[in-house]
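Remarks on the structure that follows.
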Amino acid sequence: MPSPKKVKKLNRAAAEAIFERFHEIEPEPKGELDYVNAFTLLVAVVLSAQATDAGVNKATKRLFELAPSPAAMVALGVDQITELIKTIGLYRGKAKNVFALSQMLIDLHGGEVPDNREALEALPGVGRKTANVVLNIYFKQPTIAVDTHLFRVGNRTGLAPGKTPLEVELALTKQVPERFMLHAHHWLILHGRYICKARKPECWRCPIREWCLFEPKTPLPGG
DNA sequence: ATCCCGAGGG
DNA sequence: CCCTCTGGAT
């Protein structure tokens, strides 16, 4: 019979300590995507799939100057949008989605960005992760968007192990204390981006290493 | 499971 | 060169 392979997972107390530490270090973590309203946030997040935020910001600086609203975006047209965002990976599909999504906001939501998951995920190019970001960042809902960083950090640390992003997300909703839920996404993404990096995690300067289950290849100095 | 796909870093 | 970056649709 298949033995249920035990996955090492941090207990609640350790999880709570981790977020206390994050809060202590950075009480108000901020994302690094540029936007000026709900619409531009939504578009920026759609464009950010498999792309760096720095690269997205470079393109959206051009794009949002011409089209900071759904109507302006539709007026721009797919070809113009494509040209403007050509420096971002997956740009063809993203340009089509941004155009169609803008038209749909006009047709179905009075040009506004909807504040619920169902409506958001019905938009082209918007899946669970993107919807969670908009709900969390703009509408201040306690969602946790699991991207490549959260997925890696959740598994590597043992904070929230899971085979899929959804599993990690559900694990995190149980591990993160409610009072820290609004900021959990930003704390974890920044931690993953600058310290718990994919290639060379910098464990020697990690603020949560005393709780982490990951064993770095290169041992800590003196340890 | 596979495709989409440019920029930046090592 | 190879890997990674705030994924989604088929």
Side-chain angles (χ1 to χ4, degrees), chain A residues 22 26 29-35 38-64 78-79 81-102 104 113 117-157 159-160 162-169 172-173 176 181-202 217-218:
Chain A
F22 282 145
E26 181 56 76
K30 248 181 64 72
E32 298 180 341
L33 275 180
D34 295 338
Y35 63 95
F39 172 68
T40 51
L41 171 62
L42 173 61
V43 173
V45 178
V46 167
L47 296 181
S48 73
Q50 299 302 119
T52 62
D53 57 350
V56 173
N57 288 339
K58 210 175 294 181
T60 55
K61 183 174 183 179
R62 307 187 288 261
L63 183 64
F64 295 159
V78 179
D79 292 344
I81 299 171
T82 303
E83 282 307 310
L84 288 166
I85 69 169
K86 213 161 188 171
T87 53
I88 307 176
L90 316 181
Y91 67 94
R92 275 187 280 259
K94 288 174 181 177
K96 287 179 188 171
N97 286 336
V98 167
F99 176 79
L101 158 170
S102 300
M104 202 175 296
V113 174
R117 174 184 308 286
E118 293 73 15
L120 284 169
E121 291 190 12
L123 300 169
V126 180
R128 186 178 182 88
K129 181 264 174 182
T130 298
N132 277 342
V133 173
V134 173
L135 291 171
N136 181 19
I137 305 308
Y138 193 82
F139 295 110
K140 307 301 180 189
Q141 292 184 25
T143 61
I144 298 181
V146 175
D147 68 341
T148 180
H149 293 301
L150 286 258
F151 187 77
R152 180 179 66 254
V153 172
N155 278 295
R156 184 184 275 170
T157 60
L159 176 63
K163 303 179 207 66
T164 67
L166 182 57
E167 283 185 19
V168 172
E169 178 187 332
L172 282 171
T173 62
V176 181
M181 204 70 78
L182 271 307
H183 292 317
H185 169 69
H186 279 325
W187 279 324
L188 290 169
I189 200 171
L190 293 172
H191 181 65
R193 179 177 300 161
Y194 295 115
I195 296 178
C196 196
K197 300 187 291 186
R199 291 210 193 169
K200 286 172 53 186
E202 301 182 359
K217 308 299 180 198
T218 53

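Every chain is numbered from 1, with letters handed out A, B, ... down the list of sequences.
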Touch class at under 4.0 angstrom, heavy-atom based, for A/V133 against every strand present: base
Sugar-phosphate, base or nothing in reach of A/G55, heavy atoms under 4.0 Å: nothing
Set of ring pair (Phe, Tyr, Trp, His ring centres under 6.0 Å) partners for A/H183, sequence neighbours left out: A/W187
Span that lies between the P atom of B/dA7 and that of C/dG8, in whole angstrom: 22 Å
With A/K197 via salt bridge (charged side-chain N to carboxylate O under 4.0 Å, His left out) - residues at least two apart: A/E202
A/H185: partners by ring pair (Phe, Tyr, Trp, His ring centres under 6.0 Å), with sequence neighbours left out: none
Sugar-phosphate, base or nothing in reach of A/V126, heavy atoms under 4.0 Å: sugar-phosphate
Letter per nucleotide, 5' to 3', of nucleotides 1-10 of chain B [B base touched, S only sugar-phosphate touched, - untouched; heavy atoms, 4.0 Å]: ---BBBSSB-
Could you go through residues 131-140 of chain A and list every donor-acceptor pair under 3.5 Å that involves a side-chain atom there, pairing it with any protein atom two or more places apart or in another chain?
from: A/N132; atom 1: OD1; to: A/R117; atom 2: NH1; distance (Å): 3.0
from: A/N132; atom 1: OD1; to: A/R117; atom 2: NH2; distance (Å): 2.7
from: A/N132; atom 1: ND2; to: A/R128; atom 2: O; distance (Å): 3.4
from: A/N132; atom 1: ND2; to: A/E169; atom 2: OE1; distance (Å): 3.3
from: A/N132; atom 1: ND2; to: A/E169; atom 2: OE2; distance (Å): 3.4
from: A/K140; atom 1: NZ; to: A/I137; atom 2: O; distance (Å): 3.2

C1' spacing across the pair B/dC5 / C/dC5, given as an integer number of angstrom: 12 Å
Going by atom type alone, with no hydrogens or angles, which donor-acceptor pairs under 3.5 Å involve a side-chain atom of residues 41-55 of chain A and a protein atom two or more places apart or on another chain?
from: A/S48; atom 1: OG; to: A/V45; atom 2: O; distance (Å): 2.7
from: A/T52; atom 1: OG1; to: A/G55; atom 2: N; distance (Å): 3.2
from: A/D53; atom 1: OD2; to: A/R193; atom 2: NH1; distance (Å): 2.9

Sugar-phosphate only, base, or nothing, as touched by A/G31 at under 4.0 Å among non-hydrogen atoms: base
Sugar-phosphate, base or nothing in reach of A/L123, heavy atoms under 4.0 Å: sugar-phosphate
